[in-house]
Amino acid sequence: MGSIRYLYFGLCLLIYLIINCANVVIILTVCLERSLHQPMYILSFNSLRGSAGFFPRFLSDLLSDTHFISRSTCFIQVFVLYMYATCEMAILSIMAYDRFVAICQPLHYHSKMTFKMVLSLIVLAEFCPAFICSCCLSLTIRLLLCGLKLQRFFCTNWPLVQLSCVDTSLNNLAGLLAIVATIFIPLLFVLYTYLRILLVSRRSSHETRGKALQTCIPHIVTCVNYSVCFVGELLLNRLRDNEINPFIIVVLSLEFLIIPPIINPLVYGLKLPQIRTVVFRFFYGVLKRSNAR
């Protein structure tokens, strides 16, 4: 790659810093403002996890002449990135339930969405994907790999399975079941909740519909954004490398790990007035104190 690798390194490092800063600002804002403790902001923690599973290794590879990764490190990266992917959908389903209760059952919101309830949902959103990812990964670890070269920027499960020279029908079945359990079932739940929200909103006043739309738009944008990125990554994993244009491989590989972590904090930070007000007030206070000195 020559000297152009340093340009790529600088650009990717900038993207990594933007992702970290944007999500950390959202997390700090929520921690400083007690009224903002809502389940939707755990997306920022998951974005930081996904970025940490990809960027440090990728940045190191950009500066290295040899792109070698050990078997154990590769499997760790697979687990971290698959946790990011599956937990994202679980978190989106929690957010959808939160919006459903807030709009369709507003009088019961504080009794249903208690701290204990939210904590239980978050734990469930972590442990269920962790169990499923561990089962799929354990099936891959047992395989004898006959190839050593991955045509990806990072380790993923299915390309590793394709390197095996033994029967992988069990891995294929487990992978399909895992996708259904961690992606499509939560997605169907999200669609169901928004169908219920739509039916309730149609019977409400114009002002109520406007408020419901304002609170749901960030979640809808996030959900659509993630779903599109995931479909691209899913197609990339299931198709043969020689069937895809190399440029498309690059785009589909990176957009899944770059676009959602950048878009999510921007959507919630700029669209939701309560977040926007707190962030602007925080930075205004910092600037005011610095000028006073």
Side-chain angles (χ1 to χ4, degrees), residues 1 5 8-9 12-13 15-16 19 46-89 126 129-168 170-179 181-183 226 229-244 246-261:
M1 290 173 58
R5 76 172 68 179
Y8 291 147
F9 176 84
C12 291
L13 180 61
I15 293 173
Y16 186 39
I19 290 173
N46 196 47
S47 296
L48 293 177
R49 170 170 50 194
S51 300
F54 168 69
F55 276 99
R57 177 73 200 187
F58 182 62
L59 291 171
S60 174
D61 286 340
L62 285 175
L63 296 179
S64 175
D65 294 324
T66 58
H67 302 146
F68 173 80
I69 185 170
S70 67
R71 182 184 174 96
S72 58
T73 305
C74 187
F75 283 125
I76 290 173
Q77 187 178 53
V78 170
F79 181 78
V80 173
L81 294 181
Y82 274 51
M83 278 293 293
Y84 156 73
T86 52
C87 287
E88 188 89 353
M89 200 66 239
E126 286 288 328
F131 175 75
I132 294 173
C133 290
S134 298
C135 291
C136 291
L137 199 58
S138 64
L139 293 175
T140 305
I141 291 174
R142 70 181 177 84
L143 295 177
L144 176 65
L145 303 182
C146 298
L148 298 175
K149 190 175 182 180
L150 284 172
Q151 301 294 335
R152 295 290 186 273
F153 289 111
F154 52 88
C155 294
T156 54
N157 188 58
W158 186 244
L160 285 172
V161 172
Q162 289 178 318
L163 293 177
S164 176
C165 49
V166 297
D167 180 54
T168 59
L170 182 59
N171 296 75
N172 192 23
L173 177 62
L176 291 175
L177 292 175
I179 291 173
T182 59
I183 302 298
Y226 174 77
C229 292
F230 180 81
V231 168
E233 175 65 17
L234 186 62
L235 290 174
L236 184 62
N237 278 332
R238 290 294 167 174
L239 294 175
R240 295 283 181 180
D241 295 329
N242 54 12
E243 299 173 353
I244 315 173
F247 177 76
I248 296 178
I249 292 178
V250 172
V251 172
L252 293 180
S253 294
L254 296 181
E255 53 112 21
F256 179 65
L257 292 164
I258 292 177
I259 294 180

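Note that the numbering runs from 1 along the sequence shown for the chain. Just so it is clear, the values below take in all heavy atoms, side chains as well, and ignore hydrogens, waters and symmetry mates.
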Worksheet item: What do the steps show when you test F256 against L81 for side-chain contact (heavy atoms from CB on, under 4.5 Å), and what is the final call?
Response: CA-CA 10 Å; F256 179 65; L81 294 181; over 6 Å; no
Fill in: Any L170 side-chain heavy atom under 4.5 Å of L139 side chain
yes
Practice prompt. Tell me, please, which residues at least two apart from F58 pass ring-ring contact (aromatic ring centres under 6.0 Å, His included).
Written response: F54, F153
Discussion item. Taking disulfide bond (SG atoms under 2.5 Å apart) as the definition, give me every residue that meets it alongside C155, ordered by chain and number, with sequence neighbours left out.
Written reply: C74
Practice prompt. Could you give me the CA-CA distance, side-chain angles and deciding distance for L137 and V78, then say whether side-chain contact (heavy atoms from CB on, under 4.5 Å) is met?
Written response: CA-CA 8 Å; L137 199 58; V78 170; 3.6 Å; yes
Worksheet item: Once you round to the nearest 0.5 Å, how far does OG1 of T168 lie from CG of L173?
Response: 11.5 Å
Worksheet item: Can you find a heavy atom in the side chain of Y84 that is under 4.5 Å from one in the side chain of P261?
Response: yes
Response to the item:
For residues 131-140, the side chain to side chain donor-acceptor pair (under 3.5 Å) pairs (sequence neighbours left out) are T140-N157
Item to complete: Kindly write out the residues that satisfy side-chain contact (heavy atoms from CB on, under 4.5 Å) with S70, not counting sequence neighbours, or none if the list is empty.
Response: S72, T73
Fill in: side-chain contact (heavy atoms from CB on, under 4.5 Å) involving L13 - partner list, sequence neighbours excluded
F9, L17, L59
Worksheet entry | ring-ring contact (aromatic ring centres under 6.0 Å, His included) partners of F55, counting only residues at least two apart | Y16
Discussion item. Once side-chain contact (heavy atoms from CB on, under 4.5 Å) is applied, do any residues pair with C146, and if so which ones, sequence neighbours excluded?
Written reply: C165
Worksheet item: Which residue pairs satisfy the salt bridge (charged side-chain N to carboxylate O under 4.0 Å, His left out) criterion with at least one member in residues 134-144, sequence neighbours excluded?
Response: none
Worksheet item: So, T182 side chain and A178 main chain: donor-acceptor pair closer than 3.5 Å or not?
Response: yes
Response to the item:
Minimal heavy-atom distance between L62 and C12, with the atoms involved, is CD1-SG, 4.1 Å
Worksheet entry | Taking every non-hydrogen atom, the tightest pair across Y82 and T86 | O-OG1, 2.7 Å
Worksheet, complete the sentence: Sorted by chain and number, sequence neighbours left out, side chain to side chain donor-acceptor pair (under 3.5 Å) with R71 holds for none
Worksheet item: At what distance, to the nearest 0.5 angstrom, does CG of L254 lie from CZ of F154?
Response: 7.5 Å
Item to complete: Check side-chain contact (heavy atoms from CB on, under 4.5 Å) between R57 and all other residues, then give those that pass, not counting sequence neighbours.
Response: D61, I69, Q77
Worksheet item: Between the main-chain N or O of L144 and the side-chain N or O of S164, is there a donor-acceptor pair closer than 3.5 Å?
Response: yes
Worksheet item: Between L257 and G50, which heavy-atom pair has the shortest distance, and what is it?
Response: CD2-O, 4.2 Å
Discussion item. So which atom in C136 and which in A174 form the shortest heavy-atom distance, rounded to 0.1 Å?
Written reply: SG-O, 3.8 Å
Discussion item. Using every non-hydrogen atom in the two residues, find where Y226 and M89 come nearest and quote the distance to one decimal.
Written reply: CE2-SD, 3.8 Å
Practice prompt. Measure the spacing between CD1 of I19 and CD1 of I15 and express it to the nearest 0.5 Å.
Written response: 7.0 Å
Practice prompt. Taking all non-hydrogen atoms of both residues into account, name the closest pair between E255 and C229 and its distance.
Written response: OE1-SG, 3.1 Å
Practice prompt. For the residue pair N46 and R49, establish whether any side-chain heavy-atom pair is separated by less than 4.5 Å.
Written response: yes
